[in-house]
Structures are given as C-alpha cells and as structure tokens.
Amino acid sequence: MLPSILSKSRNEPLLARDRRRLCRLLCSSLRTATDLQLTNAAAAASSPPSSNSHIASSPNSYHHYTSVLQSCVASRSLGTGRQLHGRLLVSGLGPDTVLATKLVDLYAACGLVGHARRLFDGMPKRNVFLWNVLIRAYARDGPHEVAIQLYRGMVDYGVEPDNFTYPLALKACAALLDLETGREVHERVLGTHWGEDMFVCAGLVDMYAKCGCVDDARAVFDRIRVRDSVVWNSMIAAYGQNGRPMEALSLCRDMAANGVGPTIATLVSTISAAADAAALPRGRELHGFGWRRGFDRQDKLKTSLVDMYAKSGWVQVARVLFEQLMKRELVSWNAMICGYGMHGHFDEALKLFNKMRVEAQVTPDNITFVGVLSACNHGGMVKEAKEFFGLMVDVYSIKPTVQHFTCLVDVLGHAGRFEEAYDLIKGMPMQPDSGIWGALLNGCKIHKNVELGELALQKLIELEPEDAGNYVLLSNIYAQSGKWEKAARVRKLMTNRGLKKIIGCSWIELKGKTHGFLVGDASHPRSAEIYEELERLEGLMSDAGYMPDTMPVFHDVGDDEKRNMMRSHSERLAIAFGLISTPSGTKLLVTKNLRVCEDCHVVIKLISQIVQREIIIRDVNRYHHFVNGECSCKDYW
DNA sequence: CAACTATACA
C-alpha cells in the first residue's frame with residue numbers, strides 16, 4: 001500500500017500512518033542545517049498567502065512534500081532534491097508522476113539532463129506534464145533535435161500534445177531552422193483547438209520568423225483574435241530579424257494604436273529595427289519613451305541603443321551609453337567594436353578590442369572578429385588583419401567562417417594583393433560564396449584589374465544570376481579602363497537576361513518624416529529649391545576646381561546628359577533637401593539603397609567642406625562619414 | 001510546465 005501514498009490525488013486526505021511515514025522521510029532527508037534553511041526559506045517563498053496556503057504549510061501533507069520539491073527546483077537545491085529522490089527509491093515510494101515531474105525539472109534545471117532522462121525513461125506511466133518538462137529541458141538547452149524526437153515520441157506514445165508542448169516543440173524547430181518540422185507541427189495544431197491559443201500562436205510566429213518566412217508568420221499573426229504584448233513583440237522581431245525594419249517600426253505603431261503597451265522587449269526589437277533603417281529620429285523617440293518608463297537603465301535596452309546610435313552616425317553617443325552599462329556583455333562589446341569599425345575608426349575599434357580581452361577579460365567570439373577584421377579592412381591594414389585572423393584561430397580556437405575569409409579577401413583586394421587574395425580563396429575550407437567573389441570584384445574595381453574582375457563576375461553570375469548589381473560593377477570596371485564596347489556588351493547581356501539595374505534611391509528623415517528621392521526626382525514639394533541649392537553648390541565647387549567625373553556612367557550618351565544624370569543622383573537631392581531644411585551646422589544622415597558613385601563621393605566631400613557640415617551617407621554596405629572635405633573611408637570602398 | 005528582446009563580411 002505504501003507506493004500508493006504518493007500517487008494519491010492532491011486533495012484526498014492522507015491516512016495518519018501515511019502522514020507519519022512521509023514526515024519521517026522528509027525530515028530524515030533534510031538533516032543538514034543549510035539544507036533546512038534553504039528549504040524553509042524556499043518553501044515560505046513558494047507559498048504566498050492564498051486560500052489554500054494552510055494546506056501547503058501543513059508539514060504532514062502531500063502538498064508540503066511536493067512544495068518542498070518545488071522549492072528545490074526554484075532554488076536549484078540539487079542536494080536536497082537528490083536526497084529526496086534517493087529516499088523515494090529506497091523506500092519503494094514509487095513512480096508518482098507529479099513528484100517525478102518535479103525531479104525531472106530539478107535535474108534539468110541543474111544541468112543534469114542525463115539524470116532527468118533516466119528518471120523519465122524509468123517511469124511506467126507518463127502524462128503530458130512529464131513529457132513537457134523533459135521537452136522543455138532540451139528545447140531550452142539543446143540538443144534541440146532531442147526535443148523534437150521527444151515530441152514525436154510523445155505522439156507515438158499516445159499522449160496528446162497540449163498548449164505547453166507546442167510552443168516548446170516550435171522553439172526547438174526555430175533553433176534548428178527546421179522549417180519542415182515546424183510546418184508539420186503547425187499542421188497538427190490546426191487539427192486541434194490549440195490554434196486559438198496565444199502561446200501556441202506566438203510560438204508559430206517565432207518559428208516562421210526564425211526560419212525566414214515572415215509572411216507565414218504574419219498570416220498566423222493576423223488570425224489571432226486577442227493579442228498580448230508578447231505576440232506583438234514576436235511579430236515586430238520577425239520583421240526586424242528578416243531585414244524588414246520599416247515594417248517592424250510601423251507595426252510598433254499599430255501595437256500602440258491597438259492599446260497594447262510596449263514592453264522592454266518591444267523597445268529592444270524596435271530600436272534595433274530603427275538602427276537597421278538608420279532611422280535616427282525614430283530611434284531617439286523610442287529612447288525617450290524608454291527613458292520615461294525607466295527601461296533605459298537596463299543593459300539590454302542600452303545595448304540596443306549603443307547599436308542604434310552607432311549605426312546612425314553618433315558613435316560618440318554610443319560610446320557614452322556603452323560606458324554607462326552596468327555589466328558589459330559580449331554583445332555590448334561587439335556592438336561597440338563593430339560600430340567603430342563601420343565608421344572607419346579602426347584605431348578605436350582595436351583599442352576597445354584589446355580593452356575587452358585584457359582589462360575586461362571577456363572572451364571574443366566569431367562576431368567580435370568579424371568586427372575587428374572589418375575594422376582593419378576599412379583602415380587598409382593588411383598585416384594586422386592577418387595577425388588578428390591568426391589570433392582568432394590559434395589563441396581562441398575559433399573556426400573561421402566564410403565571413404572572416406571575406407574580410408581578408410577584401411583587405412587584400414583593397415591593397416591590390418590579388419595573388420594572395422586568390423590563393424586564399426582557393427585554399428578556403430568551404431565553398432566561396434557571393435560575398436567572397438563580391439569582395440574580390442570590389443578590389444578589382446579599385447585597382448582596375450580587368451582580368452580577375454571578369455573571373456569574379458563569372459563566379460558571381462553562377463551564384464546569383466538574378467543580381468543586376470554584379471553586371472553593373474563589371475561594366476564599370478570596363479568603363480573605367482576605357483573599354484566601352486565591353487562595357488556595352490555586359491550591359492546588353494544584362495538586359496538580354498531581363499535584368500534591370502536597381503533604381504538608385506536615397507532617403508533622409510527629418511522631424512520624424514521620411515523624404516525619399518529617386519535619380520532625377522522632381523516630385524518633392526520643395527524640388528525647385530533643392531535643385532537651386534544644388535546649382536549654388538556646384539558653382540562653389542567649380543570655383544574650387546571641381547570637374548565632374550562621368551566615367552561611372554556607362555550609358556552611351558553625350559557628356560552633357562551624363563553630367564545631368566550625375567548631378568541629380570538621389571543622394572545629392574537628399575543632401576540638398578537636408579541642407580535647406582535644417583539650421584546650419586546640423587549633422588545629416590542619408591541612407592542609400594546602392595553604393596555611392598565615385599563622383600558623388602568627391603562632390604559630397606566638397607559639400608561637407610563648403611557648408612561646414614558633417615554628412616553621413618549610409619551606403620548599401622558601409623558608412624561614409626564626410627567631415628571638412630574628408631571621408632572616413634579614406635576613398636577606399 | 002509555455003511564447004517575444006541587442007552584436008556580424010561584401
């Protein structure tokens with residue numbers, strides 16, 4: 001009869017004899033003073049005043065027994081838990097699923113998944129709680145494949161997954177980027193009534209988002225009737241993580257309009273979206289909002305602000321916030337180092353990197369090295385880049401990824417060391433991707449290496465035949481070396497394949513409103529003033545000896561027309577608009593969907609000198625920080 | 001027993 005003690009239903013009164021037995025068991029396992037203190041404190045904490053608190057606090061009840069175990073879970077008192085487990089085994093107090101669930105939970109929480117698994121495997125009967133607790137352990141700490149195996153095992157075992165199981169299984173799918181299984185889980189959910197459950201839907205949204213299917217995520221999101229902040233956050237993060245920051249920002253507005261208050265998670269996701277969209281005014285607004293709520297004291301929010309300010313050109317502000325962090329985590333260091341790197345402050349980036357390793361004793365990861373290598377890159381530091389690469393591999397035993405190789409190829413290409421770059425590519429342990437060939441092609445463009453440029457383009461076309469930018473780049477290489485027929489042939493090849501050059505577009509955000517400009521755009525209400533300003537500046541520039549360089553325009557058109565096309569490049573329109581709409585001295589940030597052309601680069605340098613303004617252009621792949629006639633890229637980009 | 005939150009090459 002004893003084994004049945006522990007499987008009595010919770011509300012059934014225990015027999016006096018059972019109670020005595022349990023009490024003895026419990027007391028004998030809690031002999032040490034520390035354990036006792038721990039347990040008492042934890043038990044007190046886990047029984048808040050409630051209608052049945054008298055039951056929980058009664059020392060002889062089954063509730064007390066389970067609550068002691070519960071408190072072990074809460075305080076991770078492995079010792080006490082193991083003793084209890086031992087006693088249970090010795091006394092033949094058998095397999096009660098409630099107690100087993102708590103033990104499995106305890107072992108998993110203390111990192112002893114093996115123990116948890118053995119206990120689980122030994123249970124003759126498994127209910128949904130037991131499955132969930134074990135799946136949770138694997139869904140949280142991995143290996144995630146096991147979580148999915150268990151989910152499948154549970155179905156085979158005949159236990160129906162519930163509203164707790166699905167989010168866990170989906171979390172594992174998300175971690176593995178296993179879209180196929182994710183869809184399978186979704187299918188199953190649709191066959192039940194759990195499709196209405198907010199937790200399950202949040203799990204689905206997140207799973208689709210992590211697997212890159214934002215629109216599937218949105219479809220699930222749209223069908224949810226009542227949405228709490230977490231579901232909104234999941235969807236906002238979905239856009240942010242999939243390169244659609246503008247939609248993330250607008251969804252945050254929708255969330256507020258729907259009366260759901262932003263939480264710290266909302267702000268972190270949205271601020272990071274603002275960073276990616278280089279939407280500084282919006283980011284500052286969010287910063288202010290977080291400040292009023294007192295969220296900005298939290299390191300996670302502050303780190304997202306570090307990233308946002310750095311990406312919006314305010315590296316110094318980012319640094320101040322970085323210094324204010326209570327504890328500088330790896331991500332914070334990475335954000336700051338990459339922030340310096342992308343603006344060309346390679347000396348600051350390297351100083352910070354050393355501070356991180358030596359003073360703060362934080363171990364860098366592969367992302368840190370991407371930042372450091374790209375910083376070397378922007379500074380043209382070949383020797384240092386190689387050294388850091390060696391440091392990464394030899395000292396930190398970090399396996400280089402294709403991104404690290406891309407940085408090296410890029411720095412070598414910039415320096416015109418094509419043989420080394422090409423050898424490096426040939427010796428890479430992985431297949432070179434489009435980034436690698438793109439970096440090489442970029443170097444070829446700078447040094448007018450037509451031969452290797454052709455090869456790189458060949459590879460690029462194989463890898464991404466749909467990308468018109470590749471054709472444009474090669475055509476520019478030809479044009480720069482005066483090979484006009486070849487330039488035209490590439491252009492023709494491009495049109496024959498039905499590819500269109502992406503139209504250049506730049507935007508600038510002023511007072512929370514985004515103003516976008518296309519090439520030759522005359523649609524802006526202040527268009528006349530914008531062109532007037534450009535003309536005024538051109539006059540001042542030719543006084544300074546500026547001659548337009550029309551080389552990059554590869555169309556077969558007359559010089560005058562080329563000039564006109566150049567002078568109405570979208571970034572110039574955006575800058576002119578910024579100049580006439582802001583007080584003198586205001587820093588301008590312009591974002592562009594393509595690369596800045598050579599002539600615009602020269603022009604913007606001159607403008608920054610003439611009007612004495614800091615102008616930041618955020619290219620499709622880097623920043624140009626123009627101050628007093630100089631650019632942070634030192635004309636290498 | 002459950003869902004969301006920062007960093008990265010070209």
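The analysis underlying the following values was restricted to heavy atoms, covering all of them including side chains, and did not include hydrogens, waters or symmetry mates. Letters go in sequence order (proteins before strands), and every chain restarts at 1.
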For [X], report the nucleic acid contact type (base, sugar-phosphate, nothing); a contact means any heavy atom under 4.0 Å.
X: A:Lys171; value: sugar-phosphate
X: A:Asn366; value: nothing
X: A:Asp206; value: sugar-phosphate
X: A:Thr303; value: base
X: A:Gln298; value: nothing

Any idea which of [options] is nearest the [X] side chain?
X: A:Ala202; options: B:dA3, B:dA6, B:dC1; result: B:dA3
X: A:Asp228; options: B:dA8, B:dA3, B:dA10; result: B:dA3
X: A:Met342; options: B:dC4, B:dA8, B:dC1; result: B:dA8
X: A:Ile264; options: B:dA10, B:dA3, B:dT5; result: B:dT5
X: A:Asp197; options: B:dA2, B:dC1, B:dA8; result: B:dA2
X: A:Gln403; options: B:dA10, B:dC9, B:dA2; result: B:dC9
X: A:Lys210; options: B:dA3, B:dC1, B:dT5; result: B:dT5
X: A:Ser234; options: B:dT5, B:dC4, B:dA3; result: B:dC4
X: A:Val231; options: B:dA8, B:dA2, B:dA3; result: B:dA3
X: A:Ala265; options: B:dA2, B:dC4, B:dA6; result: B:dC4

Spacing between [X] atom [atom1] and [N] atom [atom2], to the nearest angstrom:
X: A:Asn377; N: B:dA10; atom1: CG; atom2: C1'; result: 9 Å
X: A:Arg227; N: B:dA3; atom1: CZ; atom2: P; result: 20 Å
X: A:Leu463; N: B:dA10; atom1: CG; atom2: C1'; result: 13 Å
X: A:Met308; N: B:dT7; atom1: CE; atom2: C1'; result: 15 Å
X: A:Tyr208; N: B:dA3; atom1: OH; atom2: C1'; result: 16 Å
X: A:Leu251; N: B:dC4; atom1: CG; atom2: C1'; result: 13 Å
X: A:Leu204; N: B:dA2; atom1: CG; atom2: P; result: 18 Å
X: A:Asp162; N: B:dA3; atom1: CG; atom2: P; result: 13 Å

**Q.** Non-hydrogen atoms of A:Cys213 and A:Leu179 that approach each other most closely
**A.**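 Of all heavy-atom pairs spanning A:Cys213 and A:Leu179, the closest is SG-CD2, 3.7 Å.
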
Q: Look at atom CZ of A:Phe389 and say whether more than 12 heavy atoms of other residues, nucleotides or ligands are closer to it than 6.0 Å.
A: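 Yes, CZ of A:Phe389 has more than 12 neighbouring heavy atoms, counting only those of other groups under 6.0 Å.
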
Please state whether the phosphate of [N], meaning OP1 or OP2, lies under 4.0 angstrom from any side-chain nitrogen or oxygen of [X].
X: A:His404; N: B:dA10; answer: no
X: A:Gln241; N: B:dA6; answer: yes
X: A:Lys311; N: B:dA8; answer: yes
X: A:Ser272; N: B:dT7; answer: yes

Q. How far apart are the C-alpha atoms of A:Tyr208 and A:Arg218, what are their side-chain angles, what is the distance that settles it, and do they pass the side chain to side chain donor-acceptor pair (under 3.5 Å) test?
A. CA-CA 9 Å; A:Tyr208 280 125; A:Arg218 184 60 193 251; over 6 Å; no

Q. Under 6.0 Å between ring centres, would you say that holds for A:Phe221 and A:Trp232?
A.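 Yes, the ring of A:Phe221 comes within the 6.0 Å limit of the ring of A:Trp232, centre to centre.
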
Q.
Over 60° means perpendicular and under 30° means parallel, so tell me whether A:His601 and A:His624 are parallel, tilted or perpendicular.
A.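 Perpendicular: the ring planes of A:His601 and A:His624 meet at over 60°.
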
Q: Could you check whether the rings of A:Phe369 and A:Tyr396 sit parallel, tilted or perpendicular, using 30° and 60° as the cut-offs?
A: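 Judged by the thresholds at 30° and 60°, the geometry between A:Phe369 and A:Tyr396 is tilted.
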
**Q.** Reported SG-to-CG distance for the pair A:Cys211 and A:Asp178, which is rounded to 0.5 angstrom
**A.**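 Spacing of SG (A:Cys211) from CG (A:Asp178) equals 7.0 Å.
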
Q. Okay, side chain of A:Asp410, backbone of A:Thr406: is any donor-acceptor separation there less than 3.5 Å?
A. no

Q: Output yes when a side-chain donor or acceptor of A:Asn242 lies under 3.5 Å from a complementary backbone atom of A:Arg244, and no otherwise.
A: no

Q) Contacts to DNA chain B from residues 405-418 of chain A, heavy-atom cutoff under 4.0 Å, which residues? A)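 When residues 405-418 of chain A is checked for heavy atoms under 4.0 Å from DNA chain B, the hits, listed by number, are A:Thr406, A:Cys407, A:Asp410.
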
